[in-house]
2 protein chains.
Amino acid sequence: MADKPAATAATQEGQARAKMGAVKMDDIARMAGVSKSTVSRALSGSPLVNEETRARIQALVESHSYRVDTRAQGLRKGHTHTIAVVIPLLHEHDQPISDPFFLELLGHIADAVADHGYDLLLSKIGPGRTDGMADLVDTGRVDGLIAIGQSTAHLGLERLAARGMPLVVWGAQLPEQHYVTVGSDNRAGAERAVAHLIAQERRRIVFLGQRTVPEIRLRHEGYVAALAAAGIEPDPALDVPTRFASAAALTAMRSLICGGASFDAVFACSDVIAISAIRALQDQGLKVPEDVAVVGYDDIQMAAFYNPALTTVRQDTATGGRLLVDLLFAQIAGRTARSVMLPTELVVRASSGAALSGTTTPGSR
Amino acid sequence: MADKPAATAATQEGQARAKMGAVKMDDIARMAGVSKSTVSRALSGSPLVNEETRARIQALVESHSYRVDTRAQGLRKGHTHTIAVVIPLLHEHDQPISDPFFLELLGHIADAVADHGYDLLLSKIGPGRTDGMADLVDTGRVDGLIAIGQSTAHLGLERLAARGMPLVVWGAQLPEQHYVTVGSDNRAGAERAVAHLIAQERRRIVFLGQRTVPEIRLRHEGYVAALAAAGIEPDPALDVPTRFASAAALTAMRSLICGGASFDAVFACSDVIAISAIRALQDQGLKVPEDVAVVGYDDIQMAAFYNPALTTVRQDTATGGRLLVDLLFAQIAGRTARSVMLPTELVVRASSGAALSGTTTPGSR
DNA sequence: GTGAAAGCGCTAACAA
DNA sequence: TTGTTAGCGCTTTCAC
């Protein structure tokens, strides 16, 4: 009977361990014959703790695979060690839009955040709901926010920034704007793309994108500027709004064609839109780039693999993602951060027709 | 001078508010003239609190836009209200692979998680590092894990499951496996796809995918089964391993072609791979589907927009994502969950050549 | 170099 | 119906 309590205890201990995370700092302290404080110091690399003691503690920690509870740690230290990424339009009409551009950017953000030793909370709150974004930090869930795309939330974002909330947004730099943004030079990128089309002897160029989005509005300005430089007046009939989803772009393009509009080129505001547009064109028996030249935007990985390969404006997601994160951490650290506009690069491939009069990839018609 | 302290206080209060989340439950309690506990009860909808009191508290909460600190709440209640999604290969050689299939699934998972009122932590720890996955819950950061793809981590996942960690993985259901999975019927899906190819009079069918991944191994079994049913013996020369990245698939396909292999169809293990393969084929002057029929896997949104439109095996990410989450919550709630294998559907489009002898989309060559 | 004690902001017995 | 009292697991003065 003397054994019974021991056995029971063992069992309980076993159950406790099975039920996870059961061993806590106090337990380690007891086993090491020191106090909780010493363990805490040892684990945080304090120089005040005896080397021998530290080693003993370390060993215990390893053998019991103890991990400090970051939740409790954060509560005490006043931070969360996690930042939130808010993606707009992760769903549109309950459907994922799944634009590869987002994943690429997200991937780089995830990398950078991990490099800082932080966790990443992914939120599907659209930027339209800035109150939800505020909640994320007000409820102590994250230390700062990255919003991908400002969409229609400009005012809400201004409000958050005014409240002193650490926040960086991927998007356009608007005049009089107080939150910090990272984004490509939309105006210049679009202008260069359209100028390239014009250089291919195209004059009636469709603008495919929704100007309610700030970035798209800037691209439209670039489009107009390029036309103006060539003495072409923009035709309102060729201004075709569309959302970023493939289906929407397909529909928009289709109705343009069936409406009998005449055009010889398309500037699409994303590669996904461009691809859908090409599909629509080919479905109607039009050849790309012979009949209609097409330029996209983003340079998603698939752009090079599409058929025809897509001429497009590259957005550098690698440095963009890293910048987003660095600027956010600067704010969290109390430093001031300034918006950055990334340069943009035109990648010429087959879809714009330029390759026809020059180096053509064998077999790429 | 009587005003001075007041002014200072106001400023300090202002600063405090600006510095965020400054107002806490105690403050609300004091203002409402009740105790912290009453506020807590009121906010959690306890029926024990007086309606009039609750209203008063509610008003204070609104006007001060107070939000309970979920981190402290979680510490006390013993949960985190967040679950982690671990994505394999979010980066490969430091490059995002950005397979749209992942984003689609992730989007649906995000939806389902949000419906449960939970947050979603995105981790780039590959499934190879199951210790890192364990840390996520051991350090109290999340209540459970969803791994997308088991990849090479089968044993590690088994260990986690054995430890009683709430865990669901998207992938193949392996024999003798103890963790719960959700995935499509890879074997049947592949078999149907290959049978379809055979029905188009194709006999020399390339298998494009890496069999070290469990799901792919099952698809290969389906491939072999379909061939066997038609009395065709699999040719090792047509078994072409490739990773999921576009570039890798392109290279693999190219070297197959240049190696002089003879084949009339390709079964690709993902749509991204299929698209890259088609690019490689066309670059070499081969026509799809006339010379080579191609079938993909996943049915990503772009599949329908590719040129030629892709015949593919659809994986239902919507119900898959929801199932993943539901099964995880079942485990967290202490219920037992059983693995689910989703049925699979062959979506026939132009790339497999079937449309040639029937309804062809106009202009789709 | 180490320990005791006081919280971080919240919830949950237990009283009243 | 409400208040009081303990903590959740950790860090950090302040003593020794």
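Model, not experiment: these values are computed from the prediction. Letters A, B, ... are given to chains in the order of the sequence lines, protein chains preceding strands, and every chain is numbered from 1.
Taking atom CG on B/Asp27 and atom P on C/dC10, their separation rounds to 9 Å, with Å as the unit. For the pair A/Arg141 CZ and C/dG9 P, the computed distance is 17 Å after rounding to whole Å. The CE atom of B/Met25 sits 15 Å away from the C1' atom of D/dG3 (whole-angstrom rounding). As rounded to whole Å, 8 Å separates atom P of D/dC10 from atom CG of A/Asp26. Following rounding to the nearest Å, A/Asp138 (CG) and C/dC10 (P) show an atom-to-atom distance of 12 Å. At whole-Å resolution of the value, CZ in B/Arg71 and C1' in D/dG9 are 13 Å apart. As rounded to whole Å, 17 Å separates atom P of D/dA15 from atom CG of A/Leu48. One atom, CD of B/Gln73, and another, C1' of D/dG9, lie 17 Å apart when rounded to the nearest Å.
A salt bridge is defined here as a Lys NZ or Arg NE, NH1 or NH2 lying under 4.0 Å from an Asp or Glu carboxylate O, and B/Asp27 with B/Lys36 fails to meet this definition. Under a 4.0 Å N-O distance rule, the pair A/Asp135/A/Arg141 does not qualify as a salt bridge. Checked for salt-bridge contact, B/Asp131 and B/Arg129 meet the test: a charged N lies under 4.0 Å from a carboxylate O. Under the 4.0 Å criterion applied to side-chain N and carboxylate O atoms, B/Asp138 and B/Arg163 are assigned as salt-bridge partners.
With hydrogens and angles left out, the side-chain atoms of B/Thr139 and A/Asp69 include no donor and acceptor closer than 3.5 Å.
Ranked by how close their nearest DNA chain D nucleotide is to the 5' end, A/Leu75 and B/Glu51 are led by B/Glu51.
Counting non-hydrogen atoms under 4.0 angstrom, B/Thr70 reaches nothing in the nucleic acid.
Neither OP1 nor OP2 of C/dG1 sits under 4.0 Å from any side-chain N or O of A/Thr53. Look at A/Lys77 and you won't find any side-chain N or O under 4.0 angstrom from OP1 or OP2 of D/dT11. For the pair B/Tyr66 and C/dG9, the criterion of a side-chain N or O lying under 4.0 Å from OP1 or OP2 is not met.
Side-chain proximity of A/Asn50 to the nucleotides C/dT2, C/dC10, D/dT1 is greatest for C/dT2. Counting only heavy atoms from C-beta on, A/Arg76 has its side chain closest to D/dG9 among C/dG9, D/dT2, D/dG9. Among the nucleotides C/dG9, C/dC10, C/dG1, the one closest to any side-chain atom of B/Val68 is C/dC10.
Taken from CZ in A/Arg56 to OG1 in A/Thr38, the straight-line distance is 9.5 Å, to the nearest 0.5 Å.
Minimum heavy-atom separation, A/Ile28 to A/Ile57: CG2-CG2, 4.3 Å.
Against DNA chain C, the stretch residues 35-45 of chain A makes heavy-atom approaches under 4.0 Å through A/Ser35, A/Ser37, A/Thr38, A/Arg41.
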